[in-house]
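Report on the following structure.
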Amino acid sequence: MELDFQKCGEKDVPVLSKISRETFTDAFAVQNNPRDFQDYIHKAFSHSTLKRELNTKASHFFFIYLEKQLIGYFKLNEFDAQSELKQSEGIELQRIYIINKHQGKNLGTKTLLEALKIARQKEKQYIWLGVWEHNLDAIRFYQKHGFVKFDTHPYYIGNDKQTDWLMRKEL
């Protein structure tokens, strides 16, 4: 299965908002307080928030297509757009989401390989990410691909303070 990756632009905000809400809800809604979760979704994936992020020069969103069908997206942050670290030699993989019905088909690995390729093209020395400490499948996935936990940080879903593992892979 060949994937096609296309960089998102401002014109893509409505579609990006829809797929962001869908994939995040599918992944995390049942583990979170409904009110906190809805507050988070409303803010994080609003058109205005996504438009601002898309217009940030150091943030890069990519749609993932399988046979011309949109199945997910990922986001990379450089420099000051990174949520932590903000080191020029690193790049943050802030989001990587694939629609539920396409999970388990090795598409996450192919998407991660594309993110690593972009990071190397940008001559980064490492790639890092935050992953919820209770998302054990994702933690195992990243460990399988050479990511190592180096710290933690708080992550808020509404008013709910959660903990993310910070994981890093040398390039």
Check the pair Glu92 / Ser83 against side-chain hydrogen bond (donor to acceptor under 3.5 Å, both in side chains), numbers first and verdict last. CA-CA 8 Å; Glu92 176 185 21; Ser83 61; 2.6 Å; yes
How far apart are the C-alpha atoms of Thr111 and Tyr73, what are their side-chain angles, what is the distance that settles it, and do they pass the side chain to side chain contact (heavy atoms under 4.5 Å, CB included) test? CA-CA 9 Å; Thr111 300; Tyr73 77 103; over 6 Å; no
Could you walk me through whether Gln162 and Ile157 pass the side chain to side chain contact (heavy atoms under 4.5 Å, CB included) test, one step at a time? CA-CA 7 Å; Gln162 301 179 359; Ile157 300 292; 3.7 Å; yes
Walk me through whether Lys169 and His145 qualify under side-chain hydrogen bond (donor to acceptor under 3.5 Å, both in side chains). CA-CA 8 Å; Lys169 177 180 174 69; His145 291 284; over 6 Å; no
Using side chain to side chain contact (heavy atoms under 4.5 Å, CB included), reason through Trp132 and Gln31 one step at a time and then give a plain yes or no. CA-CA 11 Å; Trp132 187 31; Gln31 297 110 335; 3.6 Å; yes
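When atom types are taken as modelled, the side chain of Asp12 and the backbone of Cys8 share no donor-acceptor pair closer than 3.5 angstrom. In this structure, the side chain of Glu78 does not engage the main chain of Ser59 through any donor-acceptor pair within 3.5 Å. Lys43 places no side-chain N or O within 3.5 Å of a backbone atom of Gln38 that could act as its donor or acceptor partner. Of the possible polar contacts, one joining the Asp36 side chain to the Asn159 backbone as a donor-acceptor pair under 3.5 Å is found.
Nearest heavy-atom pair, Gly130 versus Asp164, reported as atom, atom and distance to 0.1 Å: C-OD2, 3.9 Å. When all heavy atoms are compared, the tightest approach of Thr25 to Ile41 is OG1-CD1, 3.8 Å. Summarising the geometry of Ala44 relative to Leu50, their closest heavy-atom pair is O-CD2, 4.1 Å, with the distance given to 0.1 Å. Across every non-hydrogen atom of Ile96 and Leu112, the tightest pair is CD1-N, 4.0 Å.
Only one option out of Asp151, Asn135, Ile139, Val148 pairs with Trp165 in a side-chain contact (heavy atoms from CB on, under 4.5 Å); it is Ile139. Among Gln87, Gln82, Glu84, the one residue that satisfies the side chain to side chain donor-acceptor pair (under 3.5 Å) test with Trp128 is Gln82.
Relative to the ring axis of Phe45, Lys75 does not place its NZ or CZ within 45° and under 6.0 Å from the centre.
Between Glu53 and Arg95 there is a salt bridge, since at least one side-chain N of the basic residue sits less than 4.0 Å from a carboxylate O of the acidic one.
Contacts of Leu113 classified as side chain to side chain contact (heavy atoms under 4.5 Å, CB included), with partners at least two apart in sequence or in another chain: Thr109, Leu116. A search for ring pair (Phe, Tyr, Trp, His ring centres under 6.0 Å) contacts involving Phe62 returns Phe74, not counting sequence neighbours.
Counting non-hydrogen atoms of other residues, nucleotides and ligands closer than 6.0 Å to NZ of Lys18 gives a total of 12 or fewer. Atom CZ of Arg120 has more than 12 neighbouring heavy atoms from other residues, nucleotides or ligands inside a 6.0 Å radius. For Glu2, the CD atom counts as loosely surrounded, since its 6.0 Å shell holds 12 or fewer non-hydrogen atoms of other residues, nucleotides or ligands. Lys7 NZ: more than 12 foreign heavy atoms inside a 6.0 Å radius. The environment of His42 atom NE2 is sparse: at most 12 non-hydrogen atoms of other residues, nucleotides or ligands sit within 6.0 angstrom. Dense packing is recorded around NZ of Lys86, with more than 12 heavy atoms of other residues, nucleotides or ligands lying under 6.0 Å away. The number of heavy atoms from other shown groups lying within 6.0 Å of CD (Glu123) does not exceed 12. Within a 6.0 Å radius of CD in Glu67, no more than 12 heavy atoms belonging to other residues, nucleotides or ligands are found.
Between Phe24 and Phe28, the ring-plane angle classifies as tilted under the 30° and 60° cut-offs.
Note on Phe79: it does not cluster hydrophobically with Leu129, by side-chain heavy-atom contacts below 4.5 Å among ILVMFWY residues. Both Phe5 and Ile127 sit in one connected hydrophobic cluster of ILVMFWY residues. Membership requires side-chain heavy atoms under 4.5 Å apart, directly or through other members. When the side chains of ILVMFWY residues are joined at heavy-atom separations under 4.5 Å, either directly or via intervening members, Phe63 and Tyr97 end up in a single hydrophobic cluster.
Between the side chains of Arg21 and Ser17, at least one donor-acceptor pair of N or O atoms lies under 3.5 Å.
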